[in-house]
Structures are given as C-alpha cells and as structure tokens.
Amino acid sequence: MAVLGPEVCFHGYDSLITQCMGLGALREGQRVHAHMIKTHYHPNVYLETRLLIMYVKCGSLRDARMVLDVMPRRSIVSWTAMISGYSQSGLHFEGLDLFLQMLKIGMKPNEYTFATVLTSCTGPFGLENGIQIHSLALKSNFDTHIFVGSSLLDMYAKSGKIHEAHRIFDMLPERDVVSGTAIISGYAQLGLDEEALDLFRKLFNDGMECNYVTFASLLTALSGLAALNYGRQVHGLVVRREVPFYVVLQNSLIDMYSKCGNVAYSRRIFDSMPERTTISWNAMLVGYGKHGLGHEVVKLFKSMNMVKPDGVTYMAVLTGCSHSGLVDEGLDIFESMLDEKSVKPDIEHYGCVVDLLGRAGRIEKAFNFILDMPFEPTPAIWGSLLSACRLHANVHIGEFVFQRLLDLEPENAGSYVILSNIYANAGRWEDVLKVRQLMKEKTVTKEPGRSWIDLDKTVHTFHSGDRTHPQKEEINAKVMELFVKIKEAGYVPDLSCVLHDVDDEQKERILLGHSEKLAIAFGMMHTSYNGTIRIVKNLRICVDCHNFAKFVSKVCGRELSLRDKNRFHLVVGGSCSCGDYW
DNA sequence: TTAGGGTTAG
C-alpha cells in the first residue's frame, strides 16, 4: 500500500481506493478517507462514488451510507451501488426503501439499478413491490435487457410464479448462461425436477453455454429425482468439459450422490476437497443422516473444528441422531446448543427433539417437551408425536394429538391414516370406522403418491393404481406373484392403511396398486438378480408398502433401497435400516 | 465507477 503523504492528488486517491477495494482492506480504505478529510481535500462526484463502492466491497455498509448521505450531488452509480450493497447483505427492505427515495427525488433508474433492486424483491412483500418495479422497467423499456430480464425471471421463479418466469425467459431477445441457469434453477428450487431436467436438455441441445452454476442447479434437480445414472453422466460431462470444481459444484455433487443412494462416493468427494464451507459439511451430514448412519453423523459433526456450524448443521445432526436412535447423543447436542448460544435453536430444532424422544418411546416426555417449548407447536411437530404414538402403541396421547392436528390442518389425510393404524393395532375396529367417517365429513386432500425408478437412462414413474403404463399387465401380474409368495411367508396386508369405505377385498386391491409396489415389481422385472433395486417415493412410505418391501427382500433375497420424503430405507433380509420408525 | 443465475434444511 502506498504511503499517504501530505498532498495526494485525484489520481493518487483513485489508485489507493482501487487497491483497498481489490484487497477488501477496510481499515486502509478508512485511512484514505480520513486523509481526505484531514487535508481538506474535496473529492468530486466520481471519487465520492468510488469511496462508497470501496466501502460496499469492504463490507462496511454504514460507512458507505454515510458517504452517500453527505454527497452534495448523488450519481445514479452511487444510488445503485448502495442498493446493491444492501441487497448483497440481505437488507432487502433498506434496498427497496432507498430505491423509493431515489424515485421520489426524480432520479431515473438505469438497467443496473433495475437488475439490482429486483434481487431485493424477495420475502413476503417482495413480489408486490417487484410487480410494480416490473411495470416501471416496462415503461422505461428495460424489461427485455438481459440482466434486468434475468433478475425479473428469477424474482418470479423464487416467488413460485414459474409460468411468469418462463414467459419472461421466452421473451428475452437474447439469452445467456445466467438467464438459462436462472430458469433451470427456478424449476429445481420449486421441486419441479423433471421440468428442470427437460428444460436443461432442451437448452443444452440448443447449444446453451453452461458453467459450474448451471451444473450445480441441474444436480439439485437430479438429487430430487434420485437419478443416479443422470447424475453420473453430468459428473462425467463436468470433468470432460473441464468445468472448474468450485466448492458450490462439489457441494452439489456430494448432495447428488448421497441422495441417489451412494453416500460412500459423497464422502470421497468430501475428502478430496481442498477447501470446504459449512454447506459442504452440512451436505455430508445430511447424506449420512438420510442413510441412517447416525454414528457417522455424530463423528463428523465432532470433527468440525475449524468450521462454524449453523442452524442447518444442527438440523442435520439432530435429524441424523433421531433416524438412528441416538437419543442421548442428540439430546446432548441440543443441550449444547442452548448452552453455547452460538446458534439459537428454532422451532425446527425443537421438532427434532420431539422426534428423538418419541422414537425412544419417551412419549410423555416428548408431550411435555412440546407443551414447554417457547414456540407454538406446528402440525409437523404434532405429526411427529403422532407417529411415535403409533410406533409405541400409545392410544391415549395419540388421540389427544390427533385432535390438535384436526384443529390445525383438518384436510391432511396423513393424520387420519396414522390414527387409523393406531386403532387397528389396538384392535379397536369401531374406532377405525369412526376415523373413516370423520375423514368423509371433512374434505381431506392428499398429495397424489408417486414412486419412480431410474433404469436404462429413463426415469419410470408410477402412480397409485396406475392404469396408463404400457406394461401394466405384466407389472400387475408381477405384483400378484410377489403377493402370493410373501403371503406364504407370513405377510398380512395392513388394511388400516386404506381409509376408503369399501370391503376388505377391495382394500387389498387398493393396497396392491400402491405406487411403491408397482415400482418394486417393475424393478424386479428389469434388474439382475444381485443388483439393489432403487425406488423413490414423493411422500412418506406407507406402513403396508414398507412391510411388503421387507417380505420381498427376505423371500426373494433382494436388496431394496427405498428413498421416501424423509430418508432412505435400506431393506435387506426382511428388515429395514430405519428400524421401522420413520 | 454501478447489474442478473448457485450448493445444505424445510
């Protein structure tokens, strides 16, 4: 850094500011600024703006704002740079407020300003403001500018308005890697994984440029689909194209491999990384957790010496402990959160503890824990306790919990099914009927169940009672064949999983049409004897299908890997890695 | 001088 002499000229200051900006050297920057004041040097608009940008880049928004506030004449660049600073720090409200002030004094935003301010239009009131800014951009003819356009489409996608986002994308007079990635990731972030993959294929075939961000977004969609074959292909493509393995991309690969069932490969990538962020650790912890490898979760977490855990880390660790029955370890870690205070536990963390206690059969303790929480219990928390009541046959608390769920979300079919399981387990068939009646009275909705299997570079999807599949007859015959075989080995269909008001024979038929069973049968038909059959389900796996899979694994000597909404179930020799709790 | 897309959880 140059020495500040008694007299520094414009070029001297400019060059010093540039150096500070490049190095992110805030204190040096402040010295340069102080020198100007001390020597009564009056910077022009350009130099003042440079000072402001330097402060933004060095992370001191307070200093930047001070410069802006004392500027006698503010340039559009200074307004935009300040809004950008707020936006990058997540201070969206401040960014929007400044934008409004700018409009109020008659300053006209340019394409830079629009592209920036639109990134602040997130959160509950984000879209409301965003739509108004969109119409302003339209009036000033900036809406089809490539940067403004990609900001706009990203804003709509993040607000769930994916059709509007796609419309804007289609209208862009030119597209590039950022706008293409924005729309793909928009679909992926909404869980519209197939759409994301289809769009990627189309754009890729049209010759779209791809970079590490594009591939990271695409891998998110492949994680969602558990499409291991595609995932491997994309990994290969990344290597062949010599796309730089930035941390973000490696994190996506860790996530993709573990969610596609190959957690050992995730660990290889994790171990090979020259530098890791908290997200790398989180992705690895989540991977172990989903596979029920709780001891690995705790071990890895305890080795996080140089990296600061965040809220997601604790979620991953507590969920991992819960899924593996490491109750005391989980409770200790939750206690440490309360003691250390570096990460304040939120309601999700409390929910993990309810799950931990419930799984261990400490139902009353879990119940009291909910009542003592500093938060209002959510349906998810009551739902977790209801599952525990089913596992540990606690009808008394189960009924109470069901009432709470009935108040909070009467339309959720899941709660009715679990209560019905609880009653059936206790042999209270009249109450099973009552639940069914209750369900009829309320308009209960259920997200349609879907299962899929990734075979021969194609994702085969099945719906419950699927009548559209070209091989439906062979598949149904295979399901029946398996059914007969496992029945001999002691499988009894769990009719309490069906809440339709039909006779038992019909219930059996409905159960046999569940998408998981169709996918299992299809997998049995198309894989070699030794291979693991990998099935994915969009919801939680039902009790009967879980049981079906266990019998199939035993009777047919096959290994099944079932990924449901929450975790993997590795089913081998008649038992499941989840220990029948999920 | 100022600008857009990204990875973990839910």
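Chain letters run A, B, ... following the sequence lines, proteins first and then strands; every chain starts at 1.
Across all their heavy atoms, W79(A) and L68(A) have their closest contact at N-CD1, 4.3 Å. Nearest heavy atoms, P173(A) versus T144(A): CD-O, 3.4 Å. Across every non-hydrogen atom of K565(A) and K290(A), the tightest pair is O-NZ, 4.1 Å. Heavy-atom minimum distance, L285(A) versus M304(A): CD1-SD, 4.3 Å. Scanning both residues, D143(A) and V148(A), for their nearest heavy atoms gives CA-CG1, 4.3 Å.
As a whole-Å value, the separation of M337(A) CE from dA9(B) C1' is 12 Å. Following rounding to the nearest Å, D355(A) (CG) and dG10(B) (P) show an atom-to-atom distance of 11 Å. I254(A) places its CD1 atom 15 Å from the C1' atom of dA9(B), with the value rounded to the nearest Å. Atom pair R267(A):CZ and dT8(B):P shows a separation of 19 Å (rounding to whole Å applied). A straight line from OH of Y257(A) to P of dT8(B) spans 16 Å, rounded to a whole angstrom. Following rounding to the nearest Å, N282(A) (CG) and dG10(B) (P) show an atom-to-atom distance of 11 Å.
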Practice item. List the protein contact pattern of nucleotides 2-7 of chain B with one symbol per nucleotide (5' to 3'): B for base contact, S for sugar-phosphate-only contact, - for none; contact means a heavy-atom distance under 4.0 Å. Key: BBBBBB
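Using a 4.0 Å cut-off on heavy atoms, the residues of residues 291-324 of chain A that approach DNA chain B are V312(A), M315(A), listed by number.
Side-chain atoms of D310(A) and T278(A) form no donor-acceptor pair, as typed in the model, at a separation below 3.5 Å.
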Exercise for review: Begin with the C-alpha distance, continue with both residues' side-chain angles, and end with the deciding distance and a verdict on side chain to side chain donor-acceptor pair (under 3.5 Å) for D14(A) and H11(A).
Suggested key: CA-CA 5 Å; D14(A) 193 25; H11(A) 293 293; 5.4 Å; no
Review point. R359(A) and D355(A): salt bridge (Lys or Arg N to Asp or Glu O under 4.0 Å), yes or no, with the steps?
Key: CA-CA 6 Å; R359(A) 178 196 157 81; D355(A) 214 49; over 6 Å; no
